[in-house]
Every structure is written in C-alpha cells, then in structure tokens.
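Everything on this sheet refers to the single structure shown next.
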Amino acid sequence: MQDKPGSGPSKKVPRKAGRAEDAQSAEEAELAKRLRSLDERLDRKHETQAAARVAEQSRKSGIGAALRMSTDFVAAVLVGAGLGFGIDWIFGIAPWGMIVFLLLGFCAGVLNVMRSAGKIADPHARHDPPGRPEMYDDDEDK
Amino acid sequence: MANDPIHQFQISKLIPLEVAGHDLSFTNSSLFMVATVAAATGFLVWATSSRGLVPSRAQSIAEMSYEFVANTLRDAAGTSGMKFFPLVFSLFMFVLVANLFGMFPYFFTVTSHIVVTFALSMLVIGLVLVYGFYKHGLKFLGLFVPDGVPGVLMPLVVAIEVISFLSRPISLSVRLFANMLAGHITLKVFAGFVTSLSALGAIGIGGAILPLAMTVALTGLEFLVAFLQAYVFAVLTCMYLNDALHPTH
C-alpha cells in the first residue's frame with residue numbers, strides 16, 4: 001500500500017556508476033520512454049482502426065450476413081438429408097435414416113447459424129489459438 | 001436468345017477432346033480459367049519484377065494483395081498458419097481475378113459454376129482433413145468433441161458437429177457460386193429491360209432510364225461482390241485451416 005512495487009527496490013540499488021555510464025543509462029531511459037510512447041500510439045491507432053472496421057462491416061453487411069447464414073443453414077440440412085439418404089440406401093432401413101439425419105441436419109444448421117452470428121463461441125475458439133485474442137483466460141495450472 | 005439471362009453461363013466446347021470415354025474437351029470455361037491464372041501470375045510477376053524500394057503503382061498493388069492475404073491468414077490461423085500462405089493467396093487471387101473477369105461484357109464467369117467453386121472448396125476441406133490427420137493423428141477427431149458435454153449427449157453432439165463440419169464445403173461453394181450467378185442474372189435482366197423498353201418508342205425510351213440507372217448501380221455492386229466474395233472465400237479457408245492446425249488442446 002505505502003509504496004509502488006517498482007519503486008522500492010530501485011532505491012536500494014547502490015549508485016556506483018560513473019559519469020559515462022550515468023549518461024548512457026539516461027539516454028537508454030529516454031529511448032525506452034520514446035519507444036513506449038510509440039507503442040502506445042500504435043496501439044491506440046490499431047484499436048481505432050479495428051473498431052472502425054468492425055463498425056463498417058456491421059453497417060453495410062446486413063444482406064451479406066443474411067446470405068451467409070442462410071447458406072450455412074441450408075447446407076447443413078442438405079448434408080443431413082444426404083447422409084440420411086445414403087444410410088437408408090446402404091442399410092435398407094427405409095425412412096429411419098432420413099428422419100433421424102434430417103433432424104440432425106436441422107440442428108447442425110441452427111448451430112452453424114448461431115456460430116456465424118457469434119451467439120455461441122466456436123468450441124475451438126475457447127482454446128486460445130495463437131494470434132487470436134484470448135476470450136477465456138482460465139488456466140488451471142496456477 | 002439475346003435476352004436470355006442464362007445464356008451467358010452456357011458451356012461451349014472449343015477444342016473437342018475425348019480420352020478413354022471421358023469428355024475432356026477444352027471449353028470456354030477452361031479458356032477463362034487459363035486466362036485467369038495467366039493474368040494473375042503475369043500481373044504479379046510483372047509488377048514485382050522491378051522491385052523498387054519505393055514501389056511503383058503496380059508493385060504496391062501486388063504488395064497490398066500480399067499483405068492483405070497475409071494479415072487475414074495470420075489473424076485467423078496464427079503464425080503457424082503461414083505455411084499455407086501460398087495456397088490461400090493462390091485461391092484468393094484465382095477467385096478475385098475470375099470474378100473480375102466476369103465483369104467484362106461477353107466474358108465467361110468461371111466462378112458462376114458450382115462445379116468450379118465446389119472443386120475449390122473440396123480442395124480446402126480435403127487439405128484440412130489430410131493435414132489434420134497427418135499432424136495430429138486421431139486427436140484431430142477431437143474437433144468433433146466439444147468439452148464439457150455429458151456422456152449421454154455425446155453421440156448426438158458428435159453427429160451434429162460432424163454434419164456441421166461436412167456442410168462447410170457446401171456452404172463455402174454455394175455462397176460464391178450463388179452470389180456470382182445471381183448477380184450476373186440480375187444485371188442481365190435489368191439490362192434486358194433497357195433494350196425491350198426502348199423498342200416501345202418515345203415513352204419506352206423515357207421509361208428505360210430507370211432500369212439503365214439500376215444497371216449502372218448494379219455494376220458497381222457487382223464489383224463490390226466480386227471483391228467481397230473472394231475475401232470471404234479466403235477468410236473461411238483460413239478459419240478451416242485453423243481447425244486443422246489447432247483442433248483442440
């Protein structure tokens with residue numbers, strides 16, 4: 001509470017550095033400060049750019065999203081029907097494969113639509129793939 | 001015939017060729033695929049031939065397309081996904097150039113045939129399967145098993161996940177094909193209104209202004225769709241490749 005974690009130990013470091021080293025470290029500190037400020041500015045720029053891109057997409061891609069989700073849904077139903085038909089044909093269990101897999105196809109279609117709408121997370125997205133921001137940060141090995 | 005909106009998608013044999021009972025003729029579709037590949041390759045090779053530190057216009061277009069695809073891939077699949085960059089970049093350039101070629105009058109749109117887009121998406125999904133099993137072995141099947149699902153529900157959930165996975169190549173190919181087909185048909189229908197209305201005399205010519213304006217607007221929209229669909233194809237390819245790279249941990 002009384003002092004910041006960084007400031008405590010730095011006071012105890014013995015100051016035996018010469019003039020030249022002192023100047024050098026001051027220069028380095030200056031450089032580090034400039035680097036940090038550059039990083040901050042870049043971060044801010046990237047953030048605003050990303051936000052702008054998301055806003056742009058959500059504004060004009062209403063019809064695109066509709067097309068995407070409808071194809072996602074229909075494709076899953078078609079695959080379900082195809083699988084059911086194939087299973088019926090192979091095993092000769094006339095309507096049952098079609099009934100079961102068509103219904104499963106509808107479920108998969110709804111799942112596809114919810115996923116592309118971002119309503120539910122991709123099951124793999126939870127496992128922090130590199131390059132993607134970590135949405136769930138619950139590592140058990142603490 | 002001139003106003004038939006479907007006529008533009010007809011396949012015609014340019015060089016008939018039959019090998020062992022299979023029809024392998026060189027069609028107008030093949031011609032435009034060759035032209036697409038030649039144009040994309042030729043442009044990139046020509047644009048990057050001088051390689052100035054200060055890029056010329058052509059070079060900066062080539063660099064921008066590289067950066068664009070590279071960033072898309074890195075965002076979706078991480079740095080380890082960059083080993084698939086040649087594939088994704090080729091797919092993106094092929095689809096983009098084919099779509100843009102389709103915007104020339106009297107040109108054939110390669111991507112408006114589902115057999116082409118389906119072949120492309122099967123290439124992607126086939127690669128995902130082969131690479132996934134090659135890299136992770138049977139652990140790749142963990143892709144279909146979400147964690148935290150009770151054992152009783154597991155068969156149902158796995159079946160749904162498998163169907164969802166199998167529907168990907170279909171929705172990937174149908175999306176591209178349907179967008180290009182529908183766009184070109186709409187364009188042709190509205191352009192057809194212009195000619196048939198203007199045959200009706202002075203009033204018709206006055207009325208033909210409306211579909212003409214619509215045709216102009218639709219042409220702009222079609223250029224947008226051409227870019228957007230190539231981008232969507234590339235993005236989804238990256239996302240599926242990400243599944244092959246990192247199924248589950």
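So that the names make sense, note that chain A is the first sequence line, chain B the second, and so on, each numbered from 1.
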At under 4.5 Å between heavy atoms, what parts of residues 102-113 of chain A are in contact with chain B? List them by residue number. L104(A), G105(A), C107(A), A108(A), L111(A), N112(A)

Would you indicate whether L38(A), at its atom CG, is surrounded by more than 12 heavy atoms from other residues, nucleotides or ligands within a distance under 6.0 Å? yes

If one checks every heavy atom of F73(A) against chain B at 4.5 Å, the contacting part turns out to be neither

In chain order, what residues pass the ring pair (Phe, Tyr, Trp, His ring centres under 6.0 Å) check against F94(B), with sequence neighbours excluded? none

Report, as yes or no, whether the 6.0 Å neighbourhood of atom CE on M64(B) holds more than 12 heavy atoms from other residues, nucleotides or ligands. no

Residues of residues 76-90 of chain A under 4.5 Å from chain B (heavy atom pairs)? A76(A), V79(A), G80(A), L83(A)

What residues of residues 169-185 of chain B make heavy-atom contacts with chain A at a cutoff under 4.5 angstrom? I170(B), S171(B), V174(B), R175(B), N179(B)

